[in-house]
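All figures in this text were calculated on a predicted structure; none of them were measured in a lab. Each chain gets a letter, A, B and so on, in the order the sequences are listed, and its residues count up from 1. Only this structure's heavy atoms are used, side chains among them; waters, hydrogens and symmetry mates stay out.
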Amino acid sequence: MSDIITVTLPDGSQKQTARGTTIADFVRESIGPGLAKAALFARVNGQDMDLARKLDEDVKLQIFTPKSPESLELIRHDAAHVVASAVQKLFPGTQVTIGPATEEGFYYDFFREKPFTPEDLEKIEAEANAELKRDMAFVRTEISMDEAVRLFEEKGEKFKVEIVKDIAAKGAKTLTLYTHGDWVDFCLGPHAPSTGKIGIIKILSSSGAYWRGDHRNPMLQRVYGTAFFDKKQLAEYLTRIEESKKRDHRKLGKELDLFHFHPYSPGSAFWTPKGTTLYTTLSNWMRQLTQNDGYVEIKTPLMFNKGLWETSGHWGKYKENMFLVLDSESGEHDFSLKPMNCPSHHLFYGFKKHSYRDLPLRYHTQDVLHRNEAAGSLGGLTRVRQFAQDDAHIYCTEAQITDEVRRFVKLLDHVYKAVGLTYAVKLSTRPEQRLGDDSLWDRAEGGLKAALESLGLEYELAPGDGAFYGPKIDFAVSDSIGRRWQLGTMQLDYLAPERFDLTYVGEDNAEHRPVVLHRAIFGSFERFTAILIEHFAGAFPAWLAPIQAVLVTVADRQNDYARKVRDSLRAKGYRVEFDERGMSMNAKIREAQLQKVPFTLVVGDNEVSGEGVSPRRYGGEDLKTMKVTDFEALLAKEAALP
RNA sequence: GCCGGUGUAGCUCAGCUGGUAGAGCAACUGAUUUGUAAUCAGUAGGUCGCGGGUUCAAAUCCCGCCGCCGGCCCCA
């Protein structure tokens, strides 16, 4: 065996080096001291490693520096270690658990009696950043599992011992430790060469979190933070957080007067006239789109006897989340407000005998639903107790699934594109808590997979995330400031037709089982409205804007004319207001801009004599004075439903 | 439901170590009639989230409940 190995770099070039050379030495000697200094970690044959690791065979090597996007995740993980060591230094007796990097930063969960106060967090941040200045090396060592258990037992780290034992139970023989200064944790790595590479650590918040996410377990204290290579990047991040707070739909909901909440009905919104316009515009839009796509709309009861929920399986699996209604005759909670539409649609399907010629049968519904969500989880419009989905259930044959999925994706794509949302696709498979046997799940998952693949859609697999009655395709959208929301969904259900004994008569004159597709695009009107408010920062396109144009007169003598223009535009179906309050013209224009109304129409003597208006777009762009009829044509174009 | 924070006028907020509440904007009234982001003056508006307790005295201190906010869990 030769003592010389070949290293292949990302550009395809190859270098020779002695077997056993560390990556750091190889980079310094064979590539250059500049890269060696900047390097944070390496990817060797696809596996991420510390720079201190040795090269033992011919490899493909890639070096990451602060310029690589992957490096942020690395230093955030480094930062989690540093924060944990800082916390244990400042608060002796605190036990450590886990501390992963997240999309925006990292967190670390600690076990201690007292929660951290804001002052504690400041101290932690100061100490963590002091540790960065000390520039301590991250040193990797390996020990046996028995030694590891002993090590953490000696330290009194009960949670660590539990994790080590779990890892051992999975068959691991050794454990990798990382030490910086005198603080040690086990971790797969890799880490940066030293704490000085991290740049800056910012502690953001703290909260409670259950050990392993289970509410029966002890409550841990979670510290959230983030890390960047320099102060400027951190400042940009904090600015971005501030910006997104300005778009928060709860804040804009107040400023633009869209909705309210009252303590007497937590989690259920009151919609103002403007908010209602938003809501019904979306509702009518979805009606039109589904109708054009071969759906029929139906309405079913809001409240049902528990018999329905027993048939559907909700009584067993979902009762906790249902609002039960006391039946005064029986004295029992025999009724429940519906938390989902599906069971009532299945009943509806069963009212008639269906032929294969009826299929696919697409029922659309926008009925109100109630779910008794945990009090602590309610928030704004994104998590409510009363809401409506743009729901539909498609009853079809197994052979029609692929076509129906394709058709649905096309509709969904139209909707998301119209409002400027991009999306990613996820296929969720059987969860642990489920109804139905494995052969049913095999067919259901296979059916969706086949449909996605026939569409050539890229998708991510999420094992275990399916609904209890079937697998699903989820569509996660990204809004204008890069946040992700799970909205659209298509769920395949072989189980409900069995439970509800749904049938159709086939060409062979025999009875067959249809399959059911549950699907939604908005998800719920409430959540979708919230997302659009934030996505557009309240500045809605004209077709969606609660008020499309506001008239402002220069002086009172134009008021009659302004009323006439308002009425004629209203008669054509546009949402137009005339601001008649006793304020100055400038104040009214300012107000219209703050309310983000798409068009402000200024009217003075010139406009009166020329039968025109002078429109100004939201944002300040002045359009030239134009005839009212020309403005109408402009509005007609921009106010049309997409 | 759990952990932590928080709750003063329609909105945004002040009110220090306890001495029975204040500003700006909005509203209302009057004056002003103005050409593209705040005209001026005046008036009115509050059981300080709710219920107990401590105290001569509570927005302020203590307890309970409710809501909201940040998380956990769950999820459209």
**Q.** Heavy-atom donor-acceptor pair, A:Glu320 side-chain to B:rG1 base, under 3.5 Å
**A.** no

Q) Salt bridge check: are A:Arg216 and A:Asp214 linked by an N-O gap of less than 4.0 Å? A) yes

(Q) Distance check needed: B:rU36 C1' versus A:Asn606 CG, whole Å only. (A) 13 Å

Q. Hey, do the aromatic rings of A:Tyr363 and A:Phe348 have their centres closer than 6.0 Å?
A. yes

Q. To the nearest Å, how far apart are A:Asp120 CG and B:rG4 C1'?
A. 12 Å

Q) If you measure from the P atom in B:rU55 to the same atom in B:rC16, how many Å do you get, rounded? A) 23 Å

Q. Between B:rG67 atom C1' and A:Phe270 atom CZ, what is the distance in whole Å?
A. 13 Å

**Q.** Distance test, side-chain N/O of A:Arg216 to OP1/OP2 of B:rC2, below 4.0 Å
**A.** no

(Q) B:rU34, OP1 or OP2 - any side-chain N/O from A:Arg557 closer than 4.0 Å? (A) yes

Q. In whole angstrom, what separates A:Ile589's CD1 from B:rU39's C1'?
A. 14 Å

Q. Considering only the C1' atoms, how many Å lie between B:rC13 and B:rA59, rounded to the nearest integer?
A. 15 Å

Q: Determine the Euclidean distance between corresponding C1' atoms of B:rC50 and B:rU8; express it in Å to zero decimal places.
A: 15 Å

**Q.** Flag side-chain contact, heavy atom, 4.5 Å: A:Phe110 against A:Leu220
**A.** no

Q. What is the distance, rounded to the nearest whole Å, between atom CE of A:Met583 and atom P of B:rC25?
A. 12 Å

(Q) Students often get this wrong, so: under 4.0 angstrom with heavy atoms, is A:Asn586 touching a base, only sugar-phosphate, or nothing? (A) sugar-phosphate

Q: Determine: side-chain N/O of A:Lys251 to OP1/OP2 of B:rU12, distance under 4.0 Å, yes or no.
A: no

Q. Under 6.0 Å between ring centres, would you say that holds for A:Phe111 and A:Phe159?
A. yes

Q. When rounded to the nearest Å, what value does the distance between P atoms of B:rA41 and B:rC25 take?
A. 10 Å

Q) Any side-chain heavy atom of A:Arg385 within less than 4.5 Å of one from A:Phe323? A) yes

Q) Strictly under 6.0 Å, is that where the ring centroids of A:Tyr395 and A:His346 end up? A) yes

Q.
Could you tell me the Watson-Crick or G-U partner of B:rA59, where both distances fall under 3.5 Å? Say none if there is no partner.
A. none

Q: May I ask you to check whether A:Phe522 and A:Phe525 place their ring centres under 6.0 Å from each other?
A: yes

Q.
For A:Tyr279 and A:Trp271, take the angle between the two ring planes, folded into 0 to 90°, and tell me which bin it lands in: parallel under 30, tilted 30 to 60, perpendicular over 60.
A. perpendicular

Q: For the side chain of A:Gln593, starting at C-beta, report the closest nucleotide among B:rG4, B:rA37, B:rG67.
A: B:rA37

(Q) Does the structure show a Watson-Crick or G-U wobble partner for B:rC40, both distances under 3.5 Å? Name it, or say none. (A) B:rG30

Q.
Could you tell me how far B:rU17 sits from B:rG42 if I compare only their C1' atoms? Round to whole Å.
A. 39 Å

Q: Just call it for A:Glu607: base, sugar-phosphate, or nothing, with non-hydrogen atoms closer than 4.0 Å on any strand.
A: base

Q: Could you work out the separation of B:rG24 and B:rA14 based on their C1' atoms and round it to a whole Å?
A: 11 Å

Q: Take atom P in B:rG1 and the same atom in B:rA58, then report the distance between them in whole Å.
A: 32 Å

Q: Give none if B:rG10 has no partner; otherwise give the nucleotide forming a Watson-Crick or G-U wobble pair with it, both distances under 3.5 Å.
A: B:rC25

Q: Return the value, rounded to whole Å, for the distance between atom CG of A:Asp579 and atom P of B:rA37.
A: 15 Å

Q: Mind checking A:Gly619 for me? I need base, sugar-phosphate or nothing, with any heavy atom below 4.0 Å counting as a touch.
A: nothing

Q: Return the nucleotide paired to B:rC74: Watson-Crick means purine N1 to pyrimidine N3 with N6-O4 or O6-N4, wobble means G-U with N1-O2 and O6-N3, both under 3.5 Å.
A: none

Q) In whole Å, what separates the P atom of B:rU60 from that of B:rA27? A) 33 Å

Q.
Please encode protein proximity along nucleotides 70-76 of chain B as a string of B, S and -, counting only heavy-atom distances under 4.0 Å.
A. BBBBBBB

Q: For A:Asp622 and B:rU36, give me the distance from atom CG to atom C1', rounded to whole Å.
A: 6 Å

Q | Ion pair A:Glu404/A:Arg362, N-O distance below 4.0 Å | A | yes

Q | Atom-pair distance (NZ on A:Lys114; C1' on B:rG5), nearest Å | A | 17 Å

Q: Name the closest nucleotide to the A:Arg590 side chain, picking from B:rU39, B:rA37, B:rC66.
A: B:rA37

Q. Side-chain donor or acceptor of A:Arg581 under 3.5 Å from a matching atom on the base of B:rA27?
A. no

Q: Give a yes or no on whether the ring-centroid distance for A:Phe261 and A:Phe270 is below 6.0 angstrom.
A: no

Q: Indicate, with a heavy-atom threshold strictly under 4.0 Å, whether A:Thr600 touches base, sugar-phosphate, or nothing.
A: nothing

Q: Identify whether any heavy atom of A:Asp605 sits under 4.0 Å from a base atom; if not, whether one sits that close to sugar-phosphate; answer base, sugar-phosphate or nothing.
A: base

